[in-house]
2 protein chains.
Amino acid sequence: MTEEKETEEKIFEAARYVFERDGFSGARMQEIADEAGINKSMLHYYFRSKDKLFHSVFKTGVKKVLPALFQIINKDLTLYDKTVEVVRFYHDLFRRSPHLPMFVLHEMHQHPERFKEFIGEFRQKIPQTFLDQVNKAVQEGKLVPIKPHQFLINVLSLCMFPAIAKNMVVTIFEMSDDDYEAFMKEREEMIPDLIFKGLMFH
Amino acid sequence: MTEEKETEEKIFEAARYVFERDGFSGARMQEIADEAGINKSMLHYYFRSKDKLFHSVFKTGVKKVLPALFQIINKDLTLYDKTVEVVRFYHDLFRRSPHLPMFVLHEMHQHPERFKEFIGEFRQKIPQTFLDQVNKAVQEGKLVPIKPHQFLINVLSLCMFPAIAKNMVVTIFEMSDDDYEAFMKEREEMIPDLIFKGLMFH
DNA sequence: GTCTATATAACGATAGAC
DNA sequence: GTCTATCGTTATATAGAC
């Protein structure tokens, strides 16, 4: 029935909202039911348990964060252009879903086994073409010696940390929400240049 | 009594261990009591409630992460040397306390009010001398235009994110614990040069 | 101060009527 | 498929003996 699909969808969206905001142990089934505007029993009818409902939400969260990264670095682009695309992708994503990066990383941190379960499903290895591209750029003297893994983590660090640490940033720097928005917008432009050129004049 | 102090200390250390690992909502008073080797009632005798015990642990956590940063950037050093010290400080700290950064940032994320409560206590503003130092370096053409806040967040991002995202990193890159250790050691050397010189040959 | 026992509330989950 | 009512457990917290 179309009725069925709608209810399941409503529950899932409510669960996504509450789990992303409160985490697994902080989330309450009652609150998810309230958010979905239905009865608590329906949650179990459609998803059997809190664990299974969470698993579904978590998997969706990981799929929003990781596959696009691998897709971008697998494209036929320069390293610089890949960096620009990755930075833009994450800044757009986290603007729309501010709780997403903390949710995914926190649950990965607490329950790594839940992550490992399905990480293989969507072939999440670093593409060889990307590894080759970085190594070749180093060999040709275009880049200073750096391992592809370090390169990738540098980009991810600069994109994800300020999203994860928003409350620390706005508190210490005494920012308004608009200030923070501008701060992040500025980073979007800055990060690729920082990665490749650094801060010193040359 | 010395007896009193010892028990309170034991409880606090157990609470620190459990809260840092499991977070507020994931932690159980019973587990803290077990970890401390005492009865559950003692937790309430000394700290009244889970909330108050947590608050005490959280405050200590923030104090381990932030004041040292402000102390370092307030020293009489070049920007490069300050960066080296900050990077070394965080890598040493997170090697000893791997759960600390996720704990502090996650609880800040979920309960920003708990953070704001006492952030003023230990004067956690960016020292003016540091702001002046960055702005002066930019004016003198030694650095490309960058705001001091962005500079600081770049350093923190590169230090903290890989510690927070350890499980993601080791899973995606298929690292052992030793691999991860070596990976982080390598970053410690790399980060200051990345910040200032970037990756391109020049 | 430290223990045992228990109060009290909240949570996840299920049974059963409709 | 959706509701009400409730079970069984577990959580924080307290009372009271020693």
Side-chain angles (χ1 to χ4, degrees), chain A residues 1-61 99 103 106-107 110-111 113-114 117, chain B residues 1-61 99 103 106-107 110-111 113-114 117:
Chain A
M1 292 299 151
T2 163
E3 197 64 41
E4 263 188 52
K5 201 64 193 166
E6 272 175 24
T7 304
E8 189 171 332
E9 195 66 24
K10 268 200 298 183
I11 292 173
F12 181 82
E13 279 307 307
R16 200 178 54 78
Y17 177 75
V18 175
F19 276 132
E20 282 187 9
R21 191 192 55 194
D22 299 339
F24 176 79
S25 59
R28 298 290 164 251
M29 295 294 268
Q30 183 61 59
E31 193 163 1
I32 294 173
D34 293 347
E35 189 70 31
I38 49 97
N39 194 279
K40 203 174 53 165
S41 305
M42 297 277 82
L43 271 53
H44 292 91
Y45 179 79
Y46 281 100
F47 291 91
R48 291 192 53 86
S49 71
K50 184 185 180 183
D51 250 304
K52 287 193 168 55
L53 179 54
F54 172 82
H55 193 271
S56 175
V57 168
F58 179 55
K59 191 168 176 172
T60 303
H99 292 295
F103 169 66
H106 182 251
E107 302 303 329
Q110 295 219 323
H111 299 286
E113 70 285 356
R114 286 208 251 241
E117 266 177 49
Chain B
M1 291 303 150
T2 164
E3 197 63 43
E4 264 188 51
K5 200 62 196 168
E6 272 175 25
T7 304
E8 189 172 331
E9 195 65 25
K10 268 201 299 183
I11 292 173
F12 181 82
E13 279 307 307
R16 199 178 55 75
Y17 177 76
V18 174
F19 276 132
E20 282 187 10
R21 191 191 55 193
D22 299 339
F24 176 78
S25 59
R28 297 290 166 249
M29 294 293 267
Q30 183 62 59
E31 192 161 1
I32 295 173
D34 293 346
E35 190 69 31
I38 49 98
N39 194 279
K40 205 174 46 165
S41 305
M42 296 279 82
L43 271 53
H44 293 91
Y45 179 80
Y46 281 99
F47 291 91
R48 289 192 54 83
S49 70
K50 183 184 180 182
D51 249 304
K52 287 193 169 54
L53 179 54
F54 172 81
H55 192 272
S56 175
V57 169
F58 179 55
K59 192 168 177 173
T60 303
H99 293 294
F103 169 67
H106 182 251
E107 302 303 329
Q110 296 219 320
H111 300 287
E113 71 284 357
R114 287 207 251 241
E117 266 178 48

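A, B, ... follow the sequence lines: proteins, then strands. Residue 1 opens every chain.
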The criterion is side chain to side chain contact (heavy atoms under 4.5 Å, CB included); which residues satisfy it with A:Ser25, sequence neighbours excluded?
B:Ser25
Separation of D:dA13 atom C1' from B:Lys52 atom NZ, nearest Å, is 12 Å
ring-ring contact (aromatic ring centres under 6.0 Å, His included) with A:His55: which residues, sequence neighbours excluded?
A:Phe118
In whole Å, I'd like the distance from the CG atom of B:Leu43 to the C1' atom of D:dA13.
11 Å
How would nucleotides 5-18 of chain C be written as a contact map, 5' to 3', with B for base contact, S for sugar-phosphate-only contact and - for no contact, using protein heavy atoms under 4.0 Å?
B-----SBBBB---
B:Phe47: which residues meet the ring-ring contact (aromatic ring centres under 6.0 Å, His included) condition with it, sequence neighbours left out?
none
Rounded to whole angstrom units, what separation is found between the CD1 atom of B:Ile11 and the P atom of D:dT12?
14 Å
With sequence neighbours excluded, what pairs up with B:His99 under the ring-ring contact (aromatic ring centres under 6.0 Å, His included) test?
A:His109
Among residues at least two apart in sequence or on other chains, which ones pass ring-ring contact (aromatic ring centres under 6.0 Å, His included) with B:Phe54?
B:Phe19, B:Phe24, B:Phe58, B:Phe103
